Undergrad: 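After the structure tokens below, expect a handful of questions from me.
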2 protein chains.
Amino acid sequence: MKPGNNELIDRCRPVRTILSRVGDKWSVLIVIALREGPMRFNEIKRAAEPISQRMLTLTLKGLERDGLVSRTVTPSKPPRVDYELTALGHSLREPVEALGRWAFDHHAEIDDAQTRFDEAELASE
Amino acid sequence: MKPGNNELIDRCRPVRTILSRVGDKWSVLIVIALREGPMRFNEIKRAAEPISQRMLTLTLKGLERDGLVSRTVTPSKPPRVDYELTALGHSLREPVEALGRWAFDHHAEIDDAQTRFDEAELASE
DNA sequence: CTGCATCCAGCGCGATACTG
DNA sequence: CAGTATCGCGCTGGATGCAG
């Protein structure tokens, strides 16, 4: 086996971890929602509808743990919590938006491919 | 509610679909493995270790359905099946590799952030 | 308003065994 | 070699209720 083969996996390990963040159901949506400035919990919830409260909490905590989002509590009454992209979070937007553009540009092709595939499958059954 | 809010979701819907492909556990690994040319089923399996046979089959079928990978059967004995990136599949490599570079460049920062977060969490318990 | 705890259904995915 | 079929566990994620 050529050495290159195993390096593929090794070099991809950290990448895979991050891709699962990016690929999870809500992370990207939240990162994009926060692109123009800080937002409060329920603002994000409305912007990212139909996210459930539970998943918003969990996703925000994950993003905060990864250092992509900062959380600021203002202990007023009622309490106020603002979320904002960190510098790291903003730097992630560039490659993510590139992927978004790709998706936008090609989703018609993908739809077509899927339709053709499904029809071919039906025909052979 | 401002109209802008819903556009966010609507414009992201096709994007989200594609992000789930990209974010799933094996798709990207396979796309990268195929970057230099066609490979046979078991070649990919070895390159993408420790993928299970089941997941390789399913992932390849998904990629084929999306038009990212083509499947060519040579009915010899034993049978031979080659998988290869389509033009669409190759075009996906660019944004994916950009994301990969971002992940590679920043995974140390993310590790640090996670460590700090986890320590802060421990301290407060 | 913000967020955690609990319960619960669905299915992603791995292990294993079998076919052409 | 290249799949398909089946089973089962664990995690994801939704609904609801409670707390600060």
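In the text below, chain A, chain B and the rest are named by the order of the sequence lines, each starting its count at 1. Excluded from the calculations below are hydrogen atoms, water molecules and symmetry mates; all remaining heavy atoms, backbone and side chain alike, are included. Note that this is a predicted model, so its numbers are computed, not measured.
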Undergrad: List the steps, then state whether side chain to side chain donor-acceptor pair (under 3.5 Å) holds for A:T115 with A:D118.
TA: CA-CA 5 Å; A:T115 305; A:D118 294 344; over 6 Å; no
Undergrad: May I ask you to test the B:V96-B:V31 pair for a side-chain heavy-atom distance under 4.5 Å?
TA: no
Undergrad: Taking all non-hydrogen atoms of both residues into account, name the closest pair between A:S91 and B:W102 and its distance.
TA: OG-NE1, 3.0 Å
Undergrad: Between side-chain atoms of residues 52-61 of chain A and protein atoms elsewhere (two or more places apart, or another chain), which donor-acceptor pairs fall under 3.5 Å?
TA:
{"residue": "A:S52", "atom": "OG", "partner": "A:M55", "partner atom": "N", "Å": "3.2"}
{"residue": "A:T57", "atom": "OG1", "partner": "A:Q53", "partner atom": "O", "Å": "3.0"}
{"residue": "A:T59", "atom": "OG1", "partner": "A:M55", "partner atom": "O", "Å": "2.6"}

Undergrad: Tell me which pairs pass salt bridge (Lys or Arg N to Asp or Glu O under 4.0 Å) where either residue lies in residues 99-112 of chain A, with sequence neighbours left out.
TA: none
Undergrad: Rounded to the nearest 0.5 Å, how far apart are CG of A:D66 and CD1 of A:I18?
TA: 8.0 Å
Undergrad: Rounding to 10°, can you tell me the angle the first-five-pair axis of the helix from C:dC1-D:dG20 to C:dG20-D:dC1 makes with its last-five-pair axis?
TA: 40°
Undergrad: Using nucleotides 3-10 of chain C, report all nitrogen or oxygen pairs with the protein that are shorter than 3.5 Å.
TA:
{"residue": "C:dG3", "atom": "OP1", "partner": "A:R71", "partner atom": "NE", "Å": "3.0"}
{"residue": "C:dG3", "atom": "OP1", "partner": "A:R71", "partner atom": "NH2", "Å": "2.4"}
{"residue": "C:dG3", "atom": "OP1", "partner": "A:Y83", "partner atom": "OH", "Å": "3.1"}
{"residue": "C:dG3", "atom": "OP2", "partner": "A:Y83", "partner atom": "OH", "Å": "2.8"}
{"residue": "C:dG3", "atom": "N7", "partner": "A:Q53", "partner atom": "NE2", "Å": "2.8"}
{"residue": "C:dC4", "atom": "N4", "partner": "A:Q53", "partner atom": "OE1", "Å": "3.4"}
{"residue": "C:dT6", "atom": "O4", "partner": "A:R54", "partner atom": "NH1", "Å": "3.4"}

Undergrad: Provide, to the nearest angstrom, the distance between the CG atom belonging to B:L58 and the P atom belonging to C:dC13.
TA: 9 Å
Undergrad: Roughly how far, to the nearest 0.5 Å, is CZ of B:F41 from CZ of B:R71?
TA: 9.5 Å
Undergrad: Whole-Å distance between C:dG12 C1' and B:I51 CD1?
TA: 13 Å
Undergrad: Listing request: all salt bridge (Lys or Arg N to Asp or Glu O under 4.0 Å) pairs with a residue in residues 81-96 of chain B, at least two apart in sequence or in separate chains.
TA: B:R80-B:D82, B:R93-B:E97
Undergrad: Is there a side-chain contact between B:R40 and B:V81 in this structure, where contact means two heavy atoms from C-beta onward sitting under 4.5 Å apart?
TA: no
Undergrad: Please find the earliest and latest nucleotides of DNA chain D, in the 5' to 3' direction, that have an atom within less than 4.0 Å of any heavy atom of chain B.
TA: D:dC1 to D:dT6
Undergrad: Rounded to the nearest 0.5 Å, what separation is found between the CG atom of B:L85 and the CG atom of B:L34?
TA: 5.0 Å
Undergrad: Classify the nucleic acid contact of B:K77 as base, sugar-phosphate or nothing, counting any heavy atom under 4.0 Å across all strands shown.
TA: nothing
